[in-house]
Protein chains: 2
Amino acid sequence: MFKQHPHAAAEIAELTFQLLADCQEKEERLAATLKIHVAEFRCIRAFRGDRSLPVKTLVERTTLSGSRLTRILSSLEKRGYLQRVIDTADRRSITVHLSKKGIDLAQRLEERYIQIHQEILNGIPKDAHATLISGLQNMLSSLRKWLSTSR
Amino acid sequence: MFKQHPHAAAEIAELTFQLLADCQEKEERLAATLKIHVAEFRCIRAFRGDRSLPVKTLVERTTLSGSRLTRILSSLEKRGYLQRVIDTADRRSITVHLSKKGIDLAQRLEERYIQIHQEILNGIPKDAHATLISGLQNMLSSLRKWLSTSR
DNA sequence: CACAATACTTGCTACTAACAATAATTAACA
DNA sequence: TGTTAATTATTGTTAGTAGCAAGTATTGTG
């Protein structure tokens with residue numbers, strides 16, 4: 001398990017390549033069970049604790065393009081997951097309110113999402129959890145640094 | 001750093017959610033620098049050491065649909081990265097040969113890909129590398145188990 | 001030999017992504 | 001205050017992508 005890794009970068013490259021593909025599959029599966037698309041899944045999840053958010057914030061959080069988000073929101077609104085309301089303070093801005101149905105979806109989604117990761121963790125020795133988490137945290141911040149520097 | 005994680009699953013869920021989004025961005029950036037699309041990137045990378053492979057194997061390795069792969073291969077072939085040759089032993093089967101240009105692309109791609117991960121590793125303490133790698137390995141096998149069992 | 005199975009391609013249709021153009025509103029400031 | 005610039009979100013358009021079903025060619029099987 002803890003053998004030497006003379007080419008750690010190659011190993012990490014390979015692992016993240018595989019993980020990326022499989023994690024995408026994982027999200028598609030989850031989204032499908034909730035009868036939504038992956039982009040909608042991300043959009044709903046972007047709310048986190050919040051019940052309503054301006055479109056602008058959603059664009060930032062999801063890193064979807066504005067026009068893409070507009071259409072995703074239109075679809076979700078048509079299906080009753082949310083309503084869009086013009087902000088009275090700044091009428092250019094639109095606030096998206098999750099409906100009861102939307103909040104319900106968000107909760108089920110989050111539960112399932114965490115449950116999936118619990119199942120994954122169950123396959124990993126308990127004493128390795130903490131180091132895995134800090135490793136992933138390290139990786140995320142490093143990756144973000146790379147993304148921000150390389151143009 | 002190594003604080004307690006009472007809700008490890010939630011933490012992992014959050015981290016992988018973020019990592020997935022950023023890793024996708026990373027692959028898009030890399031593909032863009034090589035003037036190919038992400039699906040083409042995966043297709044090229046699926047060759048690994050091999051210089052030529054049957055289409056069937058590529059379908060399996062990339063988990064792209066047959067028709068999708070056909071079109072990706074057509075595009076890459078038109079741009080001179082590969083040739084398709086009918087297998088003489090089984091004329092239903094088509095073997096894809098990377099051209100010199102294609103092998104060159106595959107090499108540059110792999111170099112850059114590893115280099116990126118080296119840069120990411122540089123931002124992580126060296127003594128954490130081995131545990132990160134084994135953690136990711138654990139996660140990948142666990143994830144695959146989950147994917148195979150859940151329907 | 002007839003029929004099923006395999007390997008890949010093509011046609012079609014719906015979906016997605018991204019850019020530019022537009023509309024509505026607010027900010028900046030001379 | 002009036003004009004111009006900036007912001008926020010949407011729509012039009014166009015090109016690209018995904019996926020299914022049908023099609024072609026070939027091989028395997030009883």
Expected list for residues 47-59 of chain A near DNA chain D, using heavy atoms below 4.0 Å, is Val55(A), Lys56(A)

Less than 4.5 Å apart, any side-chain heavy atom of Glu77(B) and any of Arg84(B)? yes

Whether over 12 other heavy atoms sit under 6.0 Å from Leu34(A) CG: yes

Name the pairs: protein N/O against N/O of nucleotides 26-30 of chain D, kept only if under 3.5 Å.
unit_1, atom_1, unit_2, atom_2, d
dT26(D), OP1, Arg91(B), NE, 3.3
dT26(D), OP1, Arg91(B), NH2, 3.0
dT27(D), OP1, Arg91(B), N, 3.2
dT27(D), O4', Arg92(B), NE, 3.4

Checking Thr131(A) side chain against Ala128(A) main chain: does a donor-acceptor pair fall under 3.5 Å?
yes

Lys78(A) NZ to dC15(C) C1', in whole Å, measures 13 Å

Flag the pair Thr62(B) / Ile72(B) as yes when at least one side-chain heavy-atom distance between them is below 4.5 Å, and no otherwise. no

Given dC15(C), is OP1 or OP2 found less than 4.0 Å from the side-chain N or O atoms of His37(A)? no

Do Ser99(B) and Gln83(B) have side chains that approach each other closer than 4.5 Å (heavy atoms only, starting at C-beta)?
yes

Describe the nucleic acid contact of Ser93(B) in one word from base, sugar-phosphate, nothing, applying a heavy-atom distance below 4.0 Å. sugar-phosphate

In whole angstroms, the gap separating C1' of dC8(C) from CG of Leu69(B) amounts to 10 Å

Rounded to whole Å, the CD1-P distance (Ile94(A) to dA9(D)) equals 7 Å

With sequence neighbours left out, the residues meeting side-chain hydrogen bond (donor to acceptor under 3.5 Å, both in side chains) with Arg144(A) are Gln18(B), Asp22(B)

Here the distance between atom P of dA9(D) and atom CD of Glu60(A), to the nearest Å, is 9 Å

Taking side chain as C-beta onward, heavy atoms only, is Leu53(B) less than 4.5 Å from Val96(B)? no

note: Leu82(A), atom CG; dA9(D), atom P; distance rounded to Å ~ 14 Å

Sequence neighbours excluded, the answer for side-chain hydrogen bond (donor to acceptor under 3.5 Å, both in side chains) partners of Asp87(B) is none

Rounded to whole Å, CD1 of Ile86(A) lies from P of dT25(C) at a distance of 7 Å

note: Leu64(B), atom CG; dT9(C), atom C1'; distance rounded to Å ~ 16 Å

To the nearest angstrom, the CD1-P distance between Ile72(B) and dT17(D) comes to 8 Å

Residue set satisfying ring pair (Phe, Tyr, Trp, His ring centres under 6.0 Å) with Tyr113(B), at least two apart, ordered chain then number -> Phe41(B), His117(B)

Are the side chains of Leu64(B) and Leu58(B) in touch, meaning some heavy atoms are under 4.5 Å apart?
no

Produce the list of close N/O pairs, under 3.5 Å, pairing protein atoms with atoms of nucleotides 19-21 of chain D; give distances to one decimal.
unit_1, atom_1, unit_2, atom_2, d
dG19(D), N7, Ser67(B), OG, 3.4
dG19(D), O6, Arg71(B), NH2, 3.1
dC20(D), N4, Ser67(B), OG, 3.1

Is any NZ, NE, NH1 or NH2 atom of the basic residue among Glu14(A) and Arg48(B) found under 4.0 Å from an Asp or Glu carboxylate oxygen of the other?
yes

